[in-house]
Amino acid sequence: MAKVRASGGRGFNTPKQLMVLRVAYIVDGTMDRDLVAGLVAVAGQSRLYLPVALIEATRASPRAGLLFAALTRLEKFGLGFSGKYGRLLASGRRSRHLERLSLAVEAPDELRKNIADITTRLDIDLIVDISGHAFRDDERRPEEPVILTVTGADDTETPLTTGAFFAVEARRPATGFRICRLGTNSAPDRILREGHIATVPLYFLNCLRLMRKTAFHLHRLIEAYAETGTFTPVIADAPPTTGRRVPESGHIVSYFAKTIALVLRNALDDMRGRAWRWQVAYLSTDDWRKADLGAANQIPNERGRFLADPHLFKKGDDHVCFVEEFDYRTAKGHIAAYALEGTGARRLGTVLEEDFHLSFPFVFEVDGTIYMCPESHKAGDIRLYECVEFPTVWRLHKILMTDVSAADTVLFRRDGLWWMMTNIDTSDIGDHSSELHIFFAGAPDADNWTPHPRNPVVFDSRRARNGGFFVDDGAYYRVFQVQDFDIYGAAAGIARIVELTETSYREDIVDMILPDFRPDIGGVHSIVYRDGVLAFDVARRENRWR
């Protein structure tokens, strides 16, 4: 049972009492203080727990450590001049006052003794160890306080900062975090939350994004523990640790060389007006599994625009493809429609446009009424539009959710309930690719949607983001995007939904679509199959104004 405080005393957890857990954080002394502040700042939203101490576990800094610290300061300085990412950095600096303490790492037993003395003096209920080494190889873990460790998901004793660095240096497609509850003599270590976000090319920005994502989920775990006294759900027993990794001089030199080469390539592409430009293609087929994607008909892009996110609807004998049409001049997308006619497509015009960006026009029918749920995360909501005159006239029917940054929403009926699958940016870092959230209700335009208790049901940028949805022969298929290092929509996968209830979710990957069916493409991220027509989009690196 979680400890509580009411009127200054301890007691049992009852609804009438104010529950306040006292939390201490242990960080590596080399970690940037603004990153640490950003990780802790989210606790300021809570009335259920209170951060009271920040323990910095310091060690002697070898030359490689000094070089890594210099790299951190350099990238942080440059990031501060960016309007978008500078705001992200500044927002992490607003944290509550913490008692700051510094302890040496070189003697592990002495370090843990000092931590124990501090937790007793400050009456700590829960320790969050972000250092990666405070409780390493400790076989005498106390029953109290509860200890959570926060590390990289791939290097389980590496702090988030160095884990984020290694992900960029190795050009991994995703960067992960893992939150575990340390066990005692009678219980193993347990993984409470694990997730992967898409790796971005600059180490400090990658670290900043990972910190913000981790902070949100750590905050949710601690609040749930304060309310219930337990951590649920437990993902799995934690595997044996793999050992602490520290960036050496060779890693840092390698990182610099790769980063400079990438910056120069991108700068050259910008000078030439080159960018990843999407295009939609389609073909008729009786079996989507055997379709020859290389033989599909391509819908030409207009000058200075591209088409993406195809969704199909058949009315009578007419097949219509709804797409995002993105205009480079306004940097905004709207929804357009094309009539698919044999080996050609005829543009029917712009069918839905707002003052904000629209994409992913998911179209479905209920009792003779046709609806569209496009992506509208720039408006901070999830919207449902009703078709007035097919396919060109639509009106806003209802706003399903407000104050949410959600992308690529799909709605469907199964087993008597309506299900919403959407990709939510929980941490305000512009990331809609890492978390798949599910909600359910009794109607597609319900006033209230119940969140699935296992949200996010998928937490991995390599398979979380929706890229389409279709039903074939009674089976429900979710298409997902695969993000790669510095490549959005590198490939697509198709997963069959095999279990979907109010308490569980499971899907099995049945196919992967790689951009290898044509020699001139480098990405695929949306696929839909309906009424004998398969539509998808591909990306080419070409002149955006052509």
So, taking the atom named [atom1] in [X] and the one named [atom2] in [Y], what distance separates them when rounded to the nearest 0.5 Å?
{"X": "I527", "Y": "I513", "atom1": "CD1", "atom2": "CD1", "value": "3.5 Å"}
{"X": "R329", "Y": "R303", "atom1": "CZ", "atom2": "CZ", "value": "9.5 Å"}
{"X": "L218", "Y": "R193", "atom1": "CG", "atom2": "CZ", "value": "10.0 Å"}

Have [X] and [Y] got a donor and an acceptor in their side chains that come within less than 3.5 Å?
{"X": "D445", "Y": "H397", "value": "yes"}
{"X": "E435", "Y": "H217", "value": "yes"}
{"X": "Q483", "Y": "R462", "value": "no"}
{"X": "T175", "Y": "N206", "value": "yes"}

[X] side chain near [Y] side chain, heavy-atom distance below 4.5 Å:
{"X": "L35", "Y": "T161", "answer": "yes"}
{"X": "E354", "Y": "K378", "answer": "no"}
{"X": "L192", "Y": "T232", "answer": "no"}
{"X": "R530", "Y": "V471", "answer": "no"}
{"X": "P173", "Y": "S461", "answer": "no"}
{"X": "I260", "Y": "V263", "answer": "no"}

Shortest non-hydrogen separation from [X] to [Y] and the atoms involved:
{"X": "R277", "Y": "E302", "value": "NH2-O, 2.9 Å"}
{"X": "S434", "Y": "A198", "value": "OG-N, 4.0 Å"}
{"X": "N466", "Y": "D408", "value": "ND2-O, 2.8 Å"}
{"X": "R454", "Y": "S504", "value": "CD-CA, 4.3 Å"}
{"X": "L358", "Y": "S376", "value": "CD2-CB, 4.1 Å"}
{"X": "M372", "Y": "I335", "value": "CE-CG2, 4.0 Å"}

Do the charged groups of [X] and [Y] touch, with an N to O distance under 4.0 Å?
{"X": "K315", "Y": "E365", "value": "no"}
{"X": "D447", "Y": "K398", "value": "yes"}
{"X": "D269", "Y": "R274", "value": "yes"}
{"X": "E507", "Y": "R478", "value": "yes"}
{"X": "R289", "Y": "D472", "value": "yes"}
{"X": "R465", "Y": "E375", "value": "yes"}
{"X": "E324", "Y": "R305", "value": "no"}
{"X": "K332", "Y": "D327", "value": "no"}

Would you call the rings of [X] and [Y] parallel, tilted or perpendicular, where under 30° means parallel and over 60° means perpendicular?
{"X": "F440", "Y": "W419", "result": "tilted"}
{"X": "F362", "Y": "H311", "result": "perpendicular"}
{"X": "F177", "Y": "F459", "result": "perpendicular"}

Count the heavy atoms belonging to other residues, nucleotides or ligands that lie under 6.0 Å from [atom1] of [X], then report whether that count exceeds 12.
{"X": "D270", "atom1": "CG", "value": "yes"}
{"X": "D508", "atom1": "CG", "value": "yes"}
{"X": "D286", "atom1": "CG", "value": "no"}

Is the distance between the ring centroids of [X] and [Y] under 6.0 Å?
{"X": "Y255", "Y": "F165", "answer": "yes"}
{"X": "F313", "Y": "F390", "answer": "yes"}
{"X": "Y282", "Y": "Y338", "answer": "no"}
{"X": "F326", "Y": "W278", "answer": "no"}
{"X": "Y385", "Y": "Y371", "answer": "no"}
{"X": "F469", "Y": "F412", "answer": "yes"}
{"X": "Y505", "Y": "H452", "answer": "no"}

F470, Y529, F517 screened by ring-ring contact (aromatic ring centres under 6.0 Å, His included) with F536, the one that passes: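 The single option meeting the ring-ring contact (aromatic ring centres under 6.0 Å, His included) with F536 is F517.
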Full working for side chain to side chain donor-acceptor pair (under 3.5 Å) between T402 and D381: CA-CA 4 Å; T402 59; D381 56 31; over 6 Å; no
Looking at [X] and [Y], would you say the former's side chain and the latter's main chain have a donor-acceptor pair under 3.5 Å?
{"X": "T392", "Y": "V351", "value": "no"}
{"X": "N301", "Y": "F306", "value": "no"}
{"X": "S46", "Y": "L48", "value": "yes"}
{"X": "R171", "Y": "V168", "value": "yes"}

Side chain to side chain donor-acceptor pair (under 3.5 Å) between H319 and D531, intermediate numbers included: CA-CA 9 Å; H319 291 272; D531 298 313; 5.3 Å; no
Working for side-chain contact (heavy atoms from CB on, under 4.5 Å), residues N455 and I438: CA-CA 7 Å; N455 280 339; I438 295 177; 4.1 Å; yes
ring-ring contact (aromatic ring centres under 6.0 Å, His included) assessment of F439 paired with W418: CA-CA 8 Å; F439 301 84; W418 277 91; over 10 Å; no
Stepwise salt bridge (charged side-chain N to carboxylate O under 4.0 Å, His left out) check, E325 with R347: CA-CA 11 Å; E325 187 170 54; R347 189 177 190 276; 2.6 Å; yes
